[in-house]
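Beneath this line is the structure, given in structure tokens, with notes to follow.
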2 protein chains.
Amino acid sequence: MITDRQLLILQAIIDDFIRNAQPIGSRSLSKKEGITFSSATIRNEMSDLEEFGFLEKTHTSSGRIPSEKGYRYYVDHLLAPERIKTDDRRIIRSIFADRIYELEKIVQKSAKILSELTNYTSIVLGPKVKDNKLKKIQIISLTKETAIAIIITDTGHVENKVISLPPSFDMNEIEKMANILNDRLVGVPLAELRDKIYKEVAVLLSQHIQNYGTLVSSLAETLDISNPPKLFFGGKTNMLKQPEFHDIDKVSSLLSLIDQEQGLYEIMKQNPAGIHVKIGRENNNVLLEDCSLITATYSVGEQQVGTIAILGPTRMEYSRVISLLEFFSKDMTALLTKLYQNY
Amino acid sequence: MITDRQLLILQAIIDDFIRNAQPIGSRSLSKKEGITFSSATIRNEMSDLEEFGFLEKTHTSSGRIPSEKGYRYYVDHLLAPERIKTDDRRIIRSIFADRIYELEKIVQKSAKILSELTNYTSIVLGPKVKDNKLKKIQIISLTKETAIAIIITDTGHVENKVISLPPSFDMNEIEKMANILNDRLVGVPLAELRDKIYKEVAVLLSQHIQNYGTLVSSLAETLDISNPPKLFFGGKTNMLKQPEFHDIDKVSSLLSLIDQEQGLYEIMKQNPAGIHVKIGRENNNVLLEDCSLITATYSVGEQQVGTIAILGPTRMEYSRVISLLEFFSKDMTALLTKLYQNY
DNA sequence: TGTTAGCACTCTGTACTTGTGAGTGCTAAT
DNA sequence: ATTAGCACTCACAAGTACAGAGTGCTAACA
């Protein structure tokens, strides 16, 4: 069994390594306050901790560094929730202080502020729009061959797309069509729009609109908000500040991953409620081997709508980041709930 | 005066340095094809070229590298316009092949493709919307206190913003208001909207709408598309691949500049027509000291609407990039002109 | 029996040395 | 004018030496 003293040492090592990014040896550890026993004792304990798999050496006579398992234990059992500085609270609150109504802008600003607060990279998966309900569809003709379709959701989200009209399409029919669509589709969650168009509305349209076939399909496609939610980033280049990423090749592939977006999206979209920590290889991605990702979710009422994550080195300030994310996600949820709950 | 042989040598040195990023000495240069004279001769010529300020040494007995002045001369006088590979042509054409109507998407895709083609970072300043003319304003109520204002331009560009309504605002008046606005403002260039609202429409509104004051101001703000055009990027991390940026600090500050956007925007917005090359310190920015920026403009008809740029090391493949940009900007202009000219 | 002092050993990082290769500038011969 | 030849310079890589921080083990100690 692991003793209390060993845990104390493990914690001290991890805390120190998170600060200094340097392997730490028994002698320097013995000088730390809170450590009352000698370096020799520490050596023995360290040896045990290494046997348990919590610590590693970079070479035979180096100090120890935490292993992934070590971090995992630390996160699961040793983490003292950190008090958030009032300054930080204030800064987070400031995101929500302005009377901004567009969810996207709030999310964008959040990403920026969280990365500034943590000095890591923040990634925010924007709110799912597919549960939003249709508020209105507008179709506005642009040229003879094109029109612009705009859909507005109950949360004030606007999507638009230019669609091409069938040749010799009667402009008057556009309005007719929009009316039919609005009659039938308002209040329907976006996710179901596409289906509903084909199943219920197409028939109706075919009775009223000439040449409706191509139009409906291009419209259905427009309305098919399988467009995945957007990713927002803050502090993309913060990784470069971390000493473990002073290797250009490492940083280059990591930044490419971030810039690609696709890969991260896959990771972000599995978003179980609450705060979750993935350490190193737990991320199942070679490029993230030396990184940890802490994710939190935010909701409108009970309905979870988005995910926010902080990406840093495995040597991340877990305690601080977790506290910040907890605080942030609560505040964000509260705000969104207030804004959109009663729609 | 500078002799033809000196120019030949200058060209050979620059061409070689662009390829290999290594200082080049007289002996290796003498082995190149096209060079018929001995290394000693070359040494003498190099010495002269250095005196003219076209070449530099990294240390007393190193080979020579081009100076900024050298690149400048090269770009101005020695550049052989490069034939664009048919593959590259095809790739650029493919941007415009899909029937995409949204200008933004075209621009986005352009940035991506140009960065892939050149292996440098591409920056595209999106089309100016302020010359676009208003096609339609829509105001749609969301809640008791908020409504969403949507404006559509003649080019199919859509902007929207949530506005807050004065307390106890009558929903019916929204429609009235929208009608008035559309009556008076359709066809007006966006840049003039704000003025026009205050000067012409406000009076009218005040006669028909109660409590119109705050509403008008928030609406005017919404319509004020002083929102600068967006910047689009491709290959942000391509810089990391260049050997001259293997220094983390350099690359870090450069990427920050790129991520900040603001700084680049200042540079991009002064966009004289045609293709322009800024080399090193000509960019007037310490962070871009080792970079060159090649800009090109694109137009709708005669009306120049946006700028596209390639950012690379001073040791950039000027010839290739210039040719690509020339080709691209012509094609882009042709497409846009076809799409939007006759609106 | 758990803790600690002491010691031999290991490994990294830095500094110093040395040799090599690619380069230069100058001079004298062609 | 051009070029061969030569002395000289500098960067870079390899080798050596050494200090510093660390380990593991053993034996003494409370």
Side-chain angles (χ1 to χ4, degrees), chain A residues 1-10 12-17 19-32 34-67 70 243-244 246-247, chain B residues 1-10 12-17 19-67 70 243-244 246-248:
Chain A
M1 240 323 268
I2 193 165
T3 67
D4 280 0
R5 190 168 67 187
Q6 283 167 345
L7 292 184
L8 177 63
I9 290 174
L10 178 59
I13 290 176
I14 296 186
D15 284 340
D16 186 274
F17 190 71
R19 276 211 131 53
N20 308 117
Q22 291 296 329
I24 179 162
S26 54
R27 214 177 112 72
S28 10
L29 196 61
S30 72
K31 287 182 200 148
K32 280 202 173 297
I35 307 284
T36 55
F37 25 91
S38 80
S39 66
T41 310
I42 295 174
R43 277 202 288 287
N44 292 329
E45 301 286 37
M46 278 175 157
S47 180
D48 287 354
L49 284 168
E50 187 174 352
E51 216 161 277
F52 295 154
F54 292 138
L55 295 180
E56 283 171 357
K57 282 190 280 194
T58 57
H59 57 88
T60 40
S61 74
S62 75
R64 303 302 210 288
I65 60 170
S67 67
E244 43 266 82
H246 262 25
D247 171 32
Chain B
M1 241 325 267
I2 193 164
T3 68
D4 280 0
R5 190 167 68 185
Q6 284 167 344
L7 291 183
L8 176 64
I9 290 175
L10 179 59
I13 290 177
I14 297 186
D15 284 340
D16 186 273
F17 189 71
R19 274 212 133 50
N20 307 118
Q22 291 296 330
I24 179 160
S26 56
R27 214 177 113 71
S28 13
L29 196 59
S30 71
K31 287 181 200 149
K32 280 204 172 296
E33 73 174 320
I35 307 285
T36 54
F37 25 90
S38 79
S39 64
T41 311
I42 295 174
R43 277 203 288 287
N44 291 329
E45 301 288 36
M46 277 177 158
S47 180
D48 287 354
L49 284 167
E50 186 173 352
E51 217 162 275
F52 296 152
F54 291 139
L55 295 179
E56 285 172 356
K57 284 191 279 196
T58 58
H59 57 87
T60 39
S61 75
S62 75
R64 304 300 209 288
I65 60 171
S67 68
E244 43 267 80
H246 263 23
D247 170 32
I248 283 272

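Following rounding to the nearest Å, B/Asn20 (CG) and C/dG23 (P) show an atom-to-atom distance of 12 Å. The NZ atom of B/Lys57 sits 8 Å away from the C1' atom of C/dG25 (whole-angstrom rounding). Distance, B/Ile35 CD1 to D/dT2 P: 14 Å, rounded to whole Å. Summarising the geometry, the separation between CG on A/Asp4 and P on C/dG2 is reported as 16 Å, rounded to the nearest angstrom. Taking atom CD of residue A/Glu51 and atom P of nucleotide D/dG24, one finds them 10 Å apart after rounding to whole Å. Atom-to-atom, NE2 of A/His59 to P of D/dG24 comes out at 12 Å; the value is rounded to the nearest Å. Per the geometry, CD1 belonging to B/Ile13 stands 13 Å off C1' belonging to C/dT24, to the nearest Å. Atom CD1 of B/Ile42 and atom P of D/dA1 are 18 Å apart (whole Å).
Residue B/Arg5 places at least one side-chain N or O under 4.0 Å from the OP1 or OP2 atom of D/dT2. Phosphate proximity of C/dG23 to B/Ser28: present, with a side-chain N or O under 4.0 Å from OP1 or OP2. An OP1 or OP2 oxygen of D/dT23 is reached within less than 4.0 angstrom by a side-chain nitrogen or oxygen of A/Arg64. Checking the phosphate oxygens (OP1, OP2) of D/dC25, no side-chain nitrogen or oxygen of A/Arg43 falls inside 4.0 Å. Contact between the side-chain N/O atoms of A/Ser38 and the OP1/OP2 oxygens of C/dT3 is not found at any separation under 4.0 Å. For A/Ser26 and D/dT23, the shortest distance from a side-chain N or O to OP1 or OP2 is below 4.0 Å. Regarding contacts with the backbone of C/dT24, every side-chain N or O of B/Ser61 stays at 4.0 angstrom or more from both OP1 and OP2.
Counting all heavy atoms, side chain and backbone alike, A/Ile65 lies closest to A/Pro23 at CG2-CA, 3.7 Å. Closest approach of B/Leu49 and B/Leu10 over heavy atoms only: CD1-N, 4.0 Å.
Here the side chain of B/Arg27 is nearest to one of D/dT23, C/dG23, D/dA4, namely C/dG23.
In terms of position on DNA chain D, the residue among B/Thr41 and A/Met46 whose nearest nucleotide sits closer to the 5' end is B/Thr41. Mapped onto DNA chain D by nearest heavy atom, B/Asn44 and B/Ser62 fall at different nucleotides, with B/Asn44 at the one closer to the 5' end.
Partners of B/Lys57 according to the salt bridge (charged side-chain N to carboxylate O under 4.0 Å, His left out) rule, which considers only residues two or more places apart in sequence or in another chain, do not exist here.
Rounding to the nearest 0.5 Å gives a distance of 8.0 Å between OG1 of A/Thr3 and CG of A/Asp48.
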Pairs of donor and acceptor atoms involving the side chains of residues 26-37 of chain B, under 3.5 Å and at least two apart or interchain, shall be tabulated with distances.
| unit_1 | atom_1 | unit_2 | atom_2 | d |
| --- | --- | --- | --- | --- |
| B/Ser26 | OG | B/Arg43 | NH1 | 3.1 |
| B/Ser30 | OG | B/Arg27 | O | 2.6 |
| B/Lys32 | NZ | B/Asp16 | OD2 | 3.1 |

